[in-house]
Amino acid sequence: MSQELQGKAAIVTGASKGIGAATAEELAQQGVAVVLAARSEGVIKEIAAKIEAAGGKAVALQLDTADISSFPAFVETLTAALKESWGRESLDYLVNNAGTGLHKPFAETTEADFDALMNVHVKGVYFLTQALLPLIEDGGRIVNISSGLARFSLPGASAYGTMKGAVEAMTRYMARELGPRGIAVNVVAPGAIETDFNGGRVRDDAEMNKMVASMTAMGRAGLPDDIGGAISSLLAGENGWMTGQRIEVSGGMFL
């Protein structure tokens, strides 16, 4: 366990699978009490039970980050859960991971497609962080999740990449305005990861996986644990002077 992370508390959104689940499990292994938040309540309860069976601390709470109107009630539920489970009313860390994908040509992307991504990736991150600010300790940490697609461009990812570009700009503004409270805000940009994101193309399509490996310096597609470990390291005490930064964790895609 990390000495810096023991006794801390974190919330991870989109914790039902992939990067979110890996991050929650990694933080729990490092001694962090973790709130898992996602739309799939049954799944996150199973993950929380797995964490607790391994000796960690975890609570599962249902949350749809696209439903901004639900945030005040969620904050009340979260506050009660923190007090009941761990005798505290605050968080040290927030990981804004929840997201959905879209692989569609620019010319065919609809306003509904665009709005659905905007609600989760931009409005959801912006207003959930705002709602949670009273619970986040001074000196805490926030990690937002972007994508390599905000740096390089691939056909079919125009709307998704646009959202992640917004998240990166938002991160810098959060860092600037929350700096007086000692809250560090950074953004992690994964490359292609073997999850069920976008129908599991990187994980399940052998040709896609091979293509990703060929364009990646480390010679393979990423795994959820690669990102979970990077996020955990960002939350450790030694990184308190790093804020407003974009950290790409892609194995060196398109270098």
Side-chain angles (χ1 to χ4, degrees), residues 2 4-41 43-52 56-68 70-99 120-121 123-145 167 170-171 174 178 181-188 224 227-228 230-236:
S2 167
E4 294 84 4
L5 297 181
Q6 287 187 54
K8 303 293 187 179
I11 180 169
V12 180
T13 68
S16 62
K17 54 191 174 183
I19 291 171
T23 299
E25 291 175 5
E26 174 66 25
L27 289 173
Q29 289 173 10
Q30 299 301 323
V32 177
V34 183
V35 178
L36 296 89
R39 288 181 300 180
S40 306
E41 186 176 18
V43 176
I44 52 174
K45 284 184 175 180
E46 291 177 5
I47 297 172
K50 176 183 174 183
I51 288 172
E52 296 216 307
K57 298 178 180 179
V59 169
L61 297 178
Q62 188 172 29
L63 173 67
D64 180 356
T65 59
D67 184 3
I68 313 300
S70 71
F71 291 172
F74 176 78
V75 171
E76 291 183 7
T77 300
L78 172 61
T79 302
L82 289 169
K83 188 170 184 179
E84 179 180 350
S85 300
W86 304 313
R88 59 182 298 162
E89 296 181 356
S90 64
L91 295 163
D92 300 285
Y93 310 129
L94 164 62
V95 181
N96 283 308
N97 168 74
V120 175
H121 291 280
K123 290 180 66 177
V125 172
Y126 191 102
F127 290 107
L128 179 63
T129 303
Q130 188 184 83
L132 292 176
L133 280 180
L135 274 64
I136 299 175
E137 292 275 2
D138 289 355
R141 311 282 170 81
I142 298 171
V143 174
N144 298 324
I145 304 300
V167 169
M170 184 196 312
T171 297
M174 286 183 182
L178 301 182
R181 290 184 52 191
I183 297 175
V185 189
N186 294 291
V187 59
V188 167
I227 311 303
I231 293 170
S232 176
S233 69
L234 265 183
L235 299 178

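What you see is a predicted model, and the numbers here were worked out from it, not measured in a lab.
The main-chain N or O of Thr13 is found under 3.5 Å from a side-chain atom of Asn97 such that the two form a donor-acceptor pair. A distance-only check finds no donor-acceptor pair linking the side chain of Asn186 to the backbone of Val143 [under 3.5 Å].
The CG atom of Leu82 lies 4.5 Å from the CG atom of Leu78; values are rounded to the nearest 0.5 Å. To the nearest 0.5 Å, atoms CD1 (Ile11) and CG (Asn96) are separated by 9.0 Å. Note: Gln130 CD to Ile68 CD1 = 10.0 Å, rounded to the nearest 0.5 Å. Ile44 contributes atom CD1, which lies 12.0 Å from atom NZ of Lys17 (distance to the nearest 0.5 angstrom). Note: Lys50 NZ to Leu36 CG = 11.0 Å, rounded to the nearest 0.5 Å. With rounding to the nearest 0.5 angstrom, the CG atom of Leu128 is 13.5 Å from the NZ atom of Lys123.
Screening residues 132-141 for side-chain hydrogen bond (donor to acceptor under 3.5 Å, both in side chains), with sequence neighbours left out, gives Ser90-Glu137, Asp138-Arg181.
Of all the heavy atoms in Ile145 and Val167, the pair that sits closest is O-CG1, 3.9 Å. Between Ala81 and Val59, the closest heavy-atom pair is CB-CG1, 4.3 Å. Closest of all the heavy-atom pairs between Ile51 and Lys57 is CG2-N, 4.0 Å. Here the shortest heavy-atom pairing between Glu41 and Gln62 reads OE1-OE1, 3.4 Å. Among all heavy-atom pairs drawn from Trp86 and Val35, the shortest one is CZ3-CG2, 3.8 Å. Closest approach of Gly18 to Pro224, counting heavy atoms only: O-CB, 3.7 Å.
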**OP:** Decide side-chain contact (heavy atoms from CB on, under 4.5 Å) for Leu63 and Thr77; before the verdict, give the C-alpha distance in whole Å, the side-chain angles of both, and the deciding distance to 0.1 Å.
**Re:** CA-CA 10 Å; Leu63 173 67; Thr77 300; over 6 Å; no
**OP:** Output, in order, the C-alpha distance, side-chain angles, deciding distance and verdict of side-chain contact (heavy atoms from CB on, under 4.5 Å) for Thr65 and Phe127.
**Re:** CA-CA 9 Å; Thr65 59; Phe127 290 107; over 6 Å; no
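For Arg39, the CZ atom is loosely surrounded, since the number of other residues' heavy atoms within 6.0 Å does not exceed 12.
The only option from Leu234, Val185, Val187 that meets the side-chain contact (heavy atoms from CB on, under 4.5 Å) definition with Ile142 turns out to be Val185.
Defined by atom type and a distance below 3.5 Å, a donor-acceptor pair is present between the side-chain atoms of Glu26 and Gln30.
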